[in-house]
Q: 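Right, I'll just put the structure down here and ask away after.
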Amino acid sequence: MTGMTSSARPLLNRRLAEFGTTVFAEMSALALRTGAINLGQGFPDTDGPEEIREAAVRALRDGRGNQYPPGPGVPELRTAIVAHQERRYGLSYDPDTEVLVTAGATEAIAAALLGLLEPGDEVIALEPYYDSYAACIAMAGGTRVPVTLRPHEESRDGVTHRRFRLDLDELRGAVTDRTRLLLLNTPHNPTGTVLTREELAAIAELAVERDLLVVTDEVYEHLVFDDAEHIPLATFPGMRERTVSISSAGKTFSFTGWKVGWVTANGPLVSAVRTAKQYLTYVSAGPFQYAIAEALRLPDSYFETFRADLRRKRNLLGDGLRAAGFEVYQPQGTYFITTDITPFGEKDAYAFCRALPERCGVVAIPNSVFYDHPDAGRSQVRFTFCKKDDVLREATDRLQHLAS
Ligand code: PMP
Ligand code: GLN
């Protein structure tokens with residue numbers, strides 16, 4: 001295959017020309033081929049709670065969801081999502097008109113952008129951005145406008161950490177008359193940044209002032225550490241009516257393969273997203289929807305234990321990476337650590353990640369692919385810590401050989 005027809009016209013739609021295979025697929029394939037430890041693609045190596053797995057089996061056996069579920073999602077899941085938003089954040093939604101179940105957050109992002117954008121609309125996204133944002137903005141005919149998160153030093157309790165922060169002036173300066181939508185992600189993949197109450201308040205003010213829609217990807221809402229707090233943007237004044245909030249069961253319950261995601265927003269916004277979603281998958285994951293309805297009602301202790309476990313794993317991997325010689329940006333959320341490879345005298349994250357399995361049997365993700373400004377992220381490499389402790393230990397042991 002040359003990718004060309006006889007008329008020499010490229011087969012691939014030109015909007016997708018810059019998007020080849022996703023870096024996650026490429027790096028997971030590399031891990032399989034080389035037998036390296038995969039700290040690239042973010043998926044846990046331990047499944048979520050046994051009782052939730054059993055709930056899915058029960059739904060399958062009882063014939064719940066084996067045929068097309070209702071378009072907006074099964075009522076049990078929609079009411080569980082509404083109860084979760086109310087209990088956690090004090091946000092109320094109508095389960096019939098203000099909730100939409102999707103095939104993972106990925107479909108929610110796609111449907112939101114396809115449903116809300118006109119060709120030529122500008123979309124502001126925080127760079128480095130999750131890769132599907134760029135592809136979906138392009139499929140919708142929009143223009144992406146990146147605002148770069150930049151490293152800062154922050155001291156707290158006598159400890160200095162390097163972290164990524166949003167420059168609010170840069171964000172304000174990026175808004176033009178063509179800006180339709182802010183596409184946010186907090187906690188942020190890949191940097192682990194959790195936007196603060198002050199930052200979110202400023203973003204909300206800007207969105208109201210410039211009459212912008214906001215799509216906010218909050219799939220890591222339960223994965224926050226230390227004193228960081230996840231605050232949904234929809235809770236700020238003037239935001240409920242302009243915000244499409246997206247989340248997913250994949251991260252919170254460690255079932256990334258089930259692909260159950262959801263949208264909460266006011267009726268007109270959900271209706272726009274649903275219009276696009278109907279023609280993408282129509283519906284998905286019937287039996288899993290029933291199981292996730294149960295998962296969302298797990299007691300607080302589940303969420304607390306999960307978070308404490310991941311915080312410990314973050315420290316384990318972070319300490320190992322520092323000892324190996326990486327510059328580590330301390331994440332306050334997600335299950336990723338971004339590092340810098342400049343201390344090894346290396347500058348090209350992509351080349352580094354391609355060679356890493358050969359050099360020491362570990363796979364990671366080059367953040368450089370998540371930037372429009374390649375210089376900003378050229379030497380950044382991301383590792384995930386949603387793996388068993390002994391896997392993390394073995395990986396960091398292997399990485400100690402890098403400096404030699
Ligand atoms: N958004 C972000 C920021 C992610 O990291 C991911 C990765 N899994 C997704 C969306 C996709 O979520 P899902 O697997 O539910 O489609
Ligand atoms: N969200 C996961 C990550 O960032 C991977 C999802 C995917 O493979 N598309 O690693």
Side-chain angles (χ1 to χ4, degrees), residues 19-32 38-45 48 73 77 81 100-113 125-137 149 164 183-195 215-224 230 233 244-264 273 277 280-281 284-285 288-289 291-292 295-296 310 317 331 333-338 353 363-370 377 380-387:
F19 306 101
T21 306
T22 89
V23 71
F24 304 113
E26 179 190 343
M27 291 299 161
S28 280
L30 182 64
L32 267 182
N38 190 356
L39 300 190
Q41 194 175 28
F43 61 90
D45 59 0
L77 178 53
I81 292 166
L100 176 68
V101 176
T102 55
T106 305
E107 189 197 27
I109 293 159
L113 297 174
L126 306 184
E127 177 187 69
Y129 42 74
Y130 182 56
D131 65 346
S132 86
Y133 300 171
C136 290
I137 294 168
L149 299 179
F164 287 82
L183 176 49
L184 296 179
N185 172 215
T186 184
H188 181 263
N189 177 9
T191 63
T193 299
V194 180
L195 293 175
V215 173
T216 163
D217 176 346
E218 303 184 354
V219 298
Y220 298 101
E221 62 183 313
H222 289 288
L223 280 60
V224 287
H230 172 68
L233 198 64
V244 174
S245 305
I246 294 175
S247 195
S248 163
K251 319 291 166 184
T252 304
F253 302 111
S254 299
F255 289 115
T256 59
W258 290 11
K259 297 297 291 187
V260 178
W262 53 86
V263 165
T264 47
V273 180
K277 182 259 176 331
L280 293 172
T281 56
S284 67
F288 296 132
Q289 291 190 30
I292 296 302
L296 282 168
L310 276 173
L317 179 64
T334 76
Y335 41 49
F336 304 111
I337 296 184
T338 285
C353 288
V363 160
I365 298 287
N367 281 12
S368 43
V369 300
F370 306 136
Q380 290 169 17
V381 171
R382 187 195 85 175
F383 295 84
T384 185
F385 52 86
C386 58
K387 306 291 174 184

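If you're wondering where the values come from, they're calculated on a predicted model, not measured in any experiment. Whatever order the structure lists ligands and atoms in, that order sets their numbers, starting from 1.
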Q: Any side-chain to backbone donor/acceptor pair from Thr384 onto Tyr335? Under 3.5 Å, distance only.
A: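 Side chain of Thr384 to backbone of Tyr335: a pair is present.
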Q: Can you name the closest pair of heavy atoms from Thr252 and His222 and give their distance?
A: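 For Thr252 versus His222, the nearest heavy atoms are CG2-CD2, 3.4 Å.
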Q: Any idea which heavy atoms bring Arg382 and Pro190 closest together, and the distance?
A: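 Taking every non-hydrogen atom into account, CD-CB, 3.4 Å.
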Q: Not counting sequence neighbours, which residues clear side-chain hydrogen bond (donor to acceptor under 3.5 Å, both in side chains) with Thr193? List them please.
A: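 In terms of side-chain hydrogen bond (donor to acceptor under 3.5 Å, both in side chains), with neighbours along the sequence ignored, Thr193 is linked to Thr191.
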Q: Anything under 30° is parallel, anything over 60° is perpendicular, the rest tilted; go ahead and classify Trp258 against Phe255.
A: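 The arrangement is parallel - the two ring planes meet at less than 30°.
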Q: Extract all N/O-N/O pairs under 3.5 Å that connect ligand 2 to the protein, and present each with both atom names and the distance rounded to 0.1 Å.
A:
| residue | atom | partner | partner atom | Å |
| --- | --- | --- | --- | --- |
| ligand 2 | 1 (N) | Tyr130 | OH | 3.4 |
| ligand 2 | 1 (N) | Lys251 | NZ | 3.4 |
| ligand 2 | 4 (O) | Asn189 | ND2 | 2.9 |
| ligand 2 | 4 (O) | Arg382 | NH1 | 3.0 |
| ligand 2 | 8 (O) | Gln41 | NE2 | 2.6 |
| ligand 2 | 9 (N) | Tyr130 | OH | 3.2 |
| ligand 2 | 10 (O) | Gly42 | N | 2.7 |
| ligand 2 | 10 (O) | Arg382 | NH2 | 2.6 |

Q: Among all residues two or more places apart in sequence or in another chain, which pass the salt bridge (charged side-chain N to carboxylate O under 4.0 Å, His left out) test with Lys277?
A: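 Only Glu107 meet the salt bridge (charged side-chain N to carboxylate O under 4.0 Å, His left out) criterion with Lys277.
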Q: Any cation-pi pair here, Lys251 with Phe43, using under 6.0 Å and within 45°?
A: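 No - Lys251 does not lie over the ring of Phe43 by the 6.0 Å and 45° rule.
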Q: Can you tell me how far apart CG (Leu183) and CD1 (Ile137) are? Round to the nearest 0.5 Å.
A: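 Rounded to the nearest 0.5 Å, the CG-CD1 separation comes out at 5.5 Å.
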Q: Write down, by chain and number, every protein residue that brings a non-hydrogen atom to less than 4.0 Å from an atom of ligand 1.
A: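 For ligand 1, the contacting residues are Gly104, Ala105, Thr106, Ile109, Tyr130, Tyr133, Asn185, Asn189, Asp217, Val219, Tyr220, Ser248, Lys251, Lys259.
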Q: Which heavy atom in Cys353 sits nearest to a heavy atom in Ile365, and how many Å separate them?
A: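 The pair with the smallest heavy-atom distance is SG-C, 3.7 Å.
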